[in-house]
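Please read the structure below before turning to the comments.
Below, chains carry the letters A, B, ... as their sequence lines are ordered, and counting in each starts from 1.
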Protein chains: 2
Amino acid sequence: MPSDSIDASVRPDAVVAALREAILSRGLVPDAAVTEAYVSSTYAVARPTARIAIDRLVTEGLLVREPHHAARVRRLGRDDIDDLFTSRAAIEAAAVELLAATSTVPADAVEANRALLDQPADAPYAARDIAFHRSLVNGTTSTRLPRLHDLLMGEIELGIAQVDAHRLRSADEVAAEHRSILDAIAAGDVERAGRLARAHVLASRDGLVAHYDSTHGSPHDSTHRK
Amino acid sequence: MPSDSIDASVRPDAVVAALREAILSRGLVPDAAVTEAYVSSTYAVARPTARIAIDRLVTEGLLVREPHHAARVRRLGRDDIDDLFTSRAAIEAAAVELLAATSTVPADAVEANRALLDQPADAPYAARDIAFHRSLVNGTTSTRLPRLHDLLMGEIELGIAQVDAHRLRSADEVAAEHRSILDAIAAGDVERAGRLARAHVLASRDGLVAHYDSTHGSPHDSTHRK
DNA sequence: CAATACCAGATTGTCTGACAATGTCAGGTG
DNA sequence: CACCTGACATTGTCAGACAATCTGGTATTG
């Protein structure tokens with residue numbers, strides 16, 4: 001009972017936000033059925049409205065649905081994590097290259113990275129890390145790159161929640177890499193900025209995938225599909 | 001769009017397809033109002049169903065909507081074209097690099113490129129060109145890259161329809177570049193394949209933008225609000 | 001005569017309630 | 001024990017209704 005903290009203006013949006021929160025906080029575990037009736041009664045909206053909210057989360061990739069079946073919370077596998085971060089690396093590299101081309105360092109990216117260091121060393125920093133990356137992409141003049149990035153980040157947040165990986169690397173280490181990316185942008189070094197950004201994201205990918213393998217046992221797969 | 005909704009028997013999906021067709025074929029011109037009532041009566045569905053269809057096209061970017069206003073067919077400006085192709089270049093380069101890493105040449109990409117050459121020289125080749133690019137991205141093992149690519153291509157098709165640009169370059173020329181990309185993939189040359197793919201898409205961008213400038217004269221554009 | 005207040009129409013945003021289609025699963029039957 | 005059947009759960013869609021909100025024009029007012 002997340003209570004009815006929904007007096008937002010647009011109803012379906014509020015429901016989407018509440019549902020997303022529930023999913024990402026693992027209030028709804030992977031494979032859990034999310035029926036229209038459940039959403040309808042939990043958030044005190046009509047079933048059509050609940051249906052719309054579920055629809056949106058399906059297109060966001062947080063829920064999956066087959067015809068005439070209840071939607072379920074998506075379970076991300078090793079290959080999904082791999083794919084998500086590989087795609088994300090491409091987007092972020094492109095964004096960072098755009099920034100470097102005009103030596104534009106987004107102010108809130110700097111701010112976000114500072115916040116990352118101000119945290120106590122043992123605090124989970126995933127949210128602040130993500131904030132940094134988002135502000136990088138949002139700092140470009142592009143409107144499509146943030147759109148694509150958001151799409152990926154929604155699923156990635158789900159993946160991070162499912163692969164219960166806190167602090168695979170230290171916040172200091174991560175922040176230092178962020179710093180070097182910002183430096184390359186400021187220097188207008190397009191090639192280096194892009195390379196660093198790509199490497200940074202791919203390192204996260206490899207860390208997560210390795211962690212996934214070590215916790216889920218199965219050691220072989222790679223580019224094979226299920 | 002064709003990303004997940006494979007069941008065409010679903011009403012809203014059918015309406016979405018029909019509406020998209022109408023928009024891309026310019027049956028609905030830019031800035032034309034698309035009210036729920038219009039969709040409802042035109043396609044003989046209830047208003048809620050029409051609303052859902054409009055919703056989807058808004059998230060696809062073909063329609064724009066402000067609260068309490070009718071949705072309108074999106075008008076793409078110079079900056080939009082630029083942004084779309086720049087983002088697309090990043091996606092396609094990433095896809096082609098994935099293919100080259102395993103020297104995987106998608107069979108239907110070869111086929112699509114052959115079809116491009118078999119066309120009479122003066123025929124519009126936009127559809128076949130797009131088919132080639134789609135099959136490249138779909139040929140990867142990634143599931144997210146095609147999703148992102150589709151999102152961009154939907155808007156890009158709209159842009160190509162709006163900027164009435166037939167054959168800025170000859171089909172032969174385009175097919176030759178495709179050929180060299182396929183060669184690089186077959187050779188497993190990741191760097192070269194990515195570079196060629198990026199250049200190929202950016203060349204299209206520059207051609208379209210130049211054409212836009214020459215036909216629309218004024219260097220201003222984008223969504224005009226009052 | 002100009003500026004403002006206000007009213008009517010259009011359109012969206014959401015609800016209630018209903019019904020058919022489809023998929024699931026437990027029980028009964030041979 | 002395999003198989004059929006029918007109740008149940010859930011989705012997919014519809015119809016109609018009503019309040020909220022925006023637009024544009026008209027009437028009121030200074």
message: Any heavy-atom pair between the side chains of A:D80 and B:R144 that's under 4.5 Å?
response: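 Yes, at least one pair of side-chain atoms sits under 4.5 Å.
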
field: Test item: B:I185 and B:L136 side chains (from C-beta on) under 4.5 Å apart, heavy atoms
entry: yes

Between [X] ([atom1]) and [N] ([atom2]), how many Å, whole number?
{"X": "A:I54", "N": "D:dT11", "atom1": "CD1", "atom2": "P", "result": "7 Å"}
{"X": "B:I52", "N": "C:dG13", "atom1": "CD1", "atom2": "P", "result": "13 Å"}
{"X": "A:R72", "N": "D:dT11", "atom1": "CZ", "atom2": "P", "result": "13 Å"}
{"X": "A:E36", "N": "C:dT16", "atom1": "CD", "atom2": "C1'", "result": "15 Å"}
{"X": "B:D55", "N": "C:dT14", "atom1": "CG", "atom2": "C1'", "result": "13 Å"}
{"X": "B:Y38", "N": "C:dA10", "atom1": "OH", "atom2": "C1'", "result": "18 Å"}
{"X": "B:R56", "N": "D:dG12", "atom1": "CZ", "atom2": "C1'", "result": "12 Å"}
{"X": "A:H68", "N": "C:dA21", "atom1": "NE2", "atom2": "P", "result": "10 Å"}

Check: [X] side chain, [Y] main-chain N or O, donor-acceptor pair, under 3.5 Å:
{"X": "A:N138", "Y": "A:R134", "result": "yes"}
{"X": "A:T59", "Y": "A:R56", "result": "yes"}
{"X": "A:T42", "Y": "A:V39", "result": "no"}

message: Under 4.0 Å, counting only non-hydrogen atoms across every strand here, what does A:A46 touch: a base, just sugar-phosphate, or nothing?
response: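 It contacts base atoms.
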
Minimum-distance nucleotide (side-chain atoms of [X] versus [options]):
{"X": "B:T35", "options": "D:dT10, D:dG12, C:dT12", "result": "C:dT12"}
{"X": "B:R51", "options": "C:dG13, D:dT10, D:dT13", "result": "C:dG13"}
{"X": "B:T49", "options": "C:dT14, D:dT13, C:dT11", "result": "D:dT13"}

task: Mark yes or no for a side-chain to base donor-acceptor pair under 3.5 Å between A:R47 and D:dG12, with no hydrogen or angle criteria applied.
output: yes

message: Restricting to side chain to side chain donor-acceptor pair (under 3.5 Å), what partner residues turn up for A:Q162, sequence neighbours left out?
response: none

message: Quick check on D:dG12: is either OP1 or OP2 less than 4.0 Å from any side-chain nitrogen or oxygen of A:R65?
response: yes

message: Taking salt bridge (charged side-chain N to carboxylate O under 4.0 Å, His left out) as the criterion, tell me which of A:R20, A:R74, A:R147 meets it with A:E60.
response: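 Considering A:R20, A:R74, A:R147, a salt bridge (charged side-chain N to carboxylate O under 4.0 Å, His left out) with A:E60 is found only for A:R20.
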
Collect all protein-nucleotide pairs involving nucleotides 6-9 of chain C in which both atoms are nitrogen or oxygen and the distance is under 3.5 Å.
none

field: Consecutive-pair stems (at least three Watson-Crick or G-U pairs, under 3.5 Å) that include DNA chain D
entry: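 When the pairs of DNA chain D are grouped into runs of at least three, the stems are C:1-30 with D:1-30.
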
message: For A:Y125 versus A:L116, what's the shortest heavy-atom pair and its separation?
response: CB-CD1, 3.6 Å

query: Checking side chain to side chain contact (heavy atoms under 4.5 Å, CB included) for the pair A:L84/A:L76: CA distance, chi angles, key distance, verdict?
result: CA-CA 10 Å; A:L84 283 167; A:L76 293 171; 4.2 Å; yes

message: Let me spell it out: for each of A:P48 and A:H69, pick the nucleotide of DNA chain C with the closest heavy atom. Which residue's pick is nearer the 5' end?
response: A:P48

Aromatic ring pairing B:H178/B:H133, orientation class (parallel under 30°, perpendicular over 60°, tilted between):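 Plane angle over 60°, so perpendicular.
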
